[in-house]
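The structure under discussion appears below in the form of structure tokens.
Starting from 1, each residue takes its place in the sequence as its number. Computed from a predicted model, the values in this text were never measured in an experiment. Values below: every heavy atom of this structure, side chains too, minus hydrogens, waters and symmetry copies.
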Amino acid sequence: IWMDKEFIYSLNETSIENKSKNQTISRVKTGIPGFDELVQGGFPLNSSILVCGGPGTGKTIFCLQFLVAGAQESKEKGLYLTFEQRAEALREQAHQFGWDLASLEKQDLLKIIAVPLEKITEKTIKEIQETVKKEGIKRLVVDSLSTLVVNAPIYTVPSELAVKDVMGENIIFSPPIIGDYIVKRFIYSFIEQLRVLNCTSLLISEASQSGEYISRDTLSEFVCDGVVLITFESLGGAYSRSLIVRKMRETKNDEDVHPMEISNKGIVVHKIER
């Protein structure tokens with residue numbers, strides 16, 4: 001089980017190396033000032049990106065700005081799927097930056113689906129996929145992967161679990177192993193299913209409290225195509241937030257830590273002063 005992360009990572013990296021070096025990668029502009037130049041012009045088309053950070057770092061704003069830019073500048077339909085906030089709360093938050101989500105919703109360029117924690121069922125994931133396909137969604141935000149992971153056991157039908165999938169012949173049975181397997185199986189399956197939806201997906205996740213992993217679930221950073229990490233430190237300087245692109249497949253990404261500002265028009269990523 002613990003080797004799965006490295007195995008998945010190596011498979012993905014190998015598939016990328018086998019692609020033609022002359023192949024042109026289509027990019028999705030984020031609309032976030034200062035960010036696209038860090039990733040050669042934007043996220044790879046139809047990629048899955050983990051947006052990770054602690055509370056109050058700006059993850060939600062980053063993702064909302066991505067959807068608004070797509071709707072306003074490219075007329076691309078966006079979906080904000082949240083398990084943690086009310087739809088009205090998102091509209092109010094966006095209004096602080098001059099983004100009229102209600103107007104975009106009326107134009108059928110943006111959709112907000114808020115699913116309360118107690119309403120999540122084994123059908124929720126399938127319903128999300130059907131909505132994306134049916135409505136031609138090109139930009140998807142999932143807020144948050146951390147919440148889905150907590151509820152992962154309800155998506156798994158017991159009859160689908162085989163003991164041989166979880167442990168080898170000489171491993172002693174332990175319930176925590178089963179639970180860990182269900183969570184990791186869900187993360188891998190969910191992200192892989194996003195790849196066939198023909199949309200670029202941002203998955204919000206809480207950062208790990210330890211330095212060994214980026215995300216709290218310890219696996220999504222290996223499965224996702226890209227990882228954007230946002231941190232907050234009150235050091236008394238001009239900027240308290242910083243952003244780093246930890247990885248971006250099919251991209252020669254900037255590897256420096258950049259100051260990040262939440263302005264009255266949204267997020268701005270600044271260049272490093274040398």
Side-chain angles (χ1 to χ4, degrees), residues 1-16 28 30 39 43-55 57-60 62-63 66 79-85 115 117 120 124-126 128-129 132 139-156 165 176-197 199-231 243-251 253 255:
I1 292 173
W2 295 110
M3 293 179 64
D4 284 350
K5 296 187 286 291
E6 295 296 342
F7 179 67
I8 292 168
Y9 183 77
S10 63
L11 280 180
N12 287 329
E13 292 302 309
T14 299
S15 66
I16 290 164
V28 177
T30 65
V39 289
F43 294 133
L45 181 66
N46 298 338
S47 59
S48 56
I49 310 298
L50 187 70
V51 179
C52 200
T57 50
K59 303 185 297 297
T60 298
F62 185 99
C63 293
F66 171 73
L79 168 61
Y80 196 105
L81 174 68
T82 176
F83 303 102
E84 300 188 355
Q85 297 192 61
V115 183
L117 196 61
I120 299 177
T124 301
I125 304 303
K126 184 174 292 187
I128 296 168
Q129 297 167 339
V132 171
R139 299 189 180 207
L140 170 67
V141 171
V142 179
D143 184 7
S144 72
L145 184 61
S146 302
T147 301
L148 284 178
V149 165
V150 170
N151 292 274
I154 70 174
Y155 313 126
T156 303
D165 290 334
I177 291 179
I178 300 294
D180 185 70
Y181 172 77
I182 290 174
V183 169
K184 288 176 170 53
R185 172 178 171 168
F186 166 73
I187 294 170
Y188 180 78
S189 175
F190 178 68
I191 296 174
E192 282 299 304
Q193 289 175 53
L194 292 180
R195 298 186 196 280
V196 300
L197 291 180
C199 69
T200 304
S201 307
L202 303 190
L203 293 86
I204 296 175
S205 177
E206 291 297 320
S208 171
Q209 299 300 313
S210 66
E212 186 176 0
Y213 297 101
I214 299 172
S215 66
R216 185 178 296 177
D217 62 70
T218 75
L219 181 66
S220 54
E221 62 253 41
F222 294 93
V223 187
C224 284
D225 300 305
V227 178
V228 176
L229 178 62
I230 304 175
T231 57
L243 177 148
I244 181 173
V245 180
R246 290 295 301 266
K247 80 169 185 180
M248 193 65 58
R249 294 190 180 124
E250 302 178 300
T251 302
N253 59 278
E255 297 179 343

Nearest atoms (heavy-atom pairs only) where Val132 meets Cys199: CG1-SG, 4.0 Å
Distance from Thr82 atom OG1 to Leu79 atom CG, nearest 0.5 Å? 10.5 Å
With Thr60 via side chain to side chain contact (heavy atoms under 4.5 Å, CB included) - residues at least two apart: Leu64, Tyr80, Gln85, Leu90, Gln93, Asp143, Ile204
Audit row: Lys59, Leu202, side chain to side chain contact (heavy atoms under 4.5 Å, CB included) steps and yes/no: CA-CA 10 Å; Lys59 303 185 297 297; Leu202 303 190; over 6 Å; no
Donor-acceptor check, side chain of Thr147 to backbone of Leu145, threshold 3.5 angstrom: yes or no? no
Scanning both residues in full, the closest heavy-atom pair of Val149 with Phe186 reads N-CE2, 4.3 Å
Show, in sequence, the C-alpha distance, side-chain angles and deciding distance for Val28 and Phe66, and conclude whether the side chain to side chain contact (heavy atoms under 4.5 Å, CB included) test is met. CA-CA 10 Å; Val28 177; Phe66 171 73; 4.0 Å; yes
Heavy-atom pair with the smallest gap, counting every atom of Ile244 and Glu255: CD1-O, 3.5 Å
Minimum heavy-atom distance between Leu219 and Asp217, given as atom pair plus value: N-OD1, 2.8 Å
Evaluate the criterion side chain to side chain contact (heavy atoms under 4.5 Å, CB included) for residue pair Val142 and Ile128; output intermediate values, then yes/no. CA-CA 10 Å; Val142 179; Ile128 296 168; 5.9 Å; no
No-hydrogen, no-angle side-chain donor-acceptor test under 3.5 Å, Ser220 and Ser215: yes
Check the pair Tyr213 / Phe222 against side chain to side chain contact (heavy atoms under 4.5 Å, CB included), numbers first and verdict last. CA-CA 10 Å; Tyr213 297 101; Phe222 294 93; 4.2 Å; yes
Rounded to the nearest 0.5 Å, how far apart are CG of Leu148 and CG of Leu81? 7.5 Å
Side chain to side chain contact (heavy atoms under 4.5 Å, CB included) partners for Ser189, two or more places apart: Gln193
Using side-chain heavy atoms (C-beta onward) and a distance below 4.5 Å, is Val223 in contact with Arg195? yes
Hey, can you tell me if Phe43 and Phe62 have their rings parallel, tilted or perpendicular (30° and 60° cut-offs)? tilted
Per side-chain contact (heavy atoms from CB on, under 4.5 Å), Cys224 is matched among Ile191, Val51, Ile187 by Ile191
Tell me yes or no: between the side chains of Glu206 and Ser146, is some donor less than 3.5 Å from an acceptor? no
List for me each residue that meets side-chain hydrogen bond (donor to acceptor under 3.5 Å, both in side chains) alongside Thr57, sequence neighbours excluded, and say none if there are none. none
Sequence neighbours excluded, which residues qualify as side-chain hydrogen bond (donor to acceptor under 3.5 Å, both in side chains) partners of Asn46? Asn198
Please name all residues satisfying side-chain hydrogen bond (donor to acceptor under 3.5 Å, both in side chains) with Ser48, sequence neighbours left out, ordered by chain then number. Asp225
Shortest non-hydrogen contact from Glu221 to Lys247? O-NZ, 2.8 Å
Under the rule for side-chain hydrogen bond (donor to acceptor under 3.5 Å, both in side chains), what residues qualify as partners of Ser201, not counting sequence neighbours? none
Are any of the side-chain heavy atoms of Leu194 and Leu203 separated by less than 4.5 Å? yes
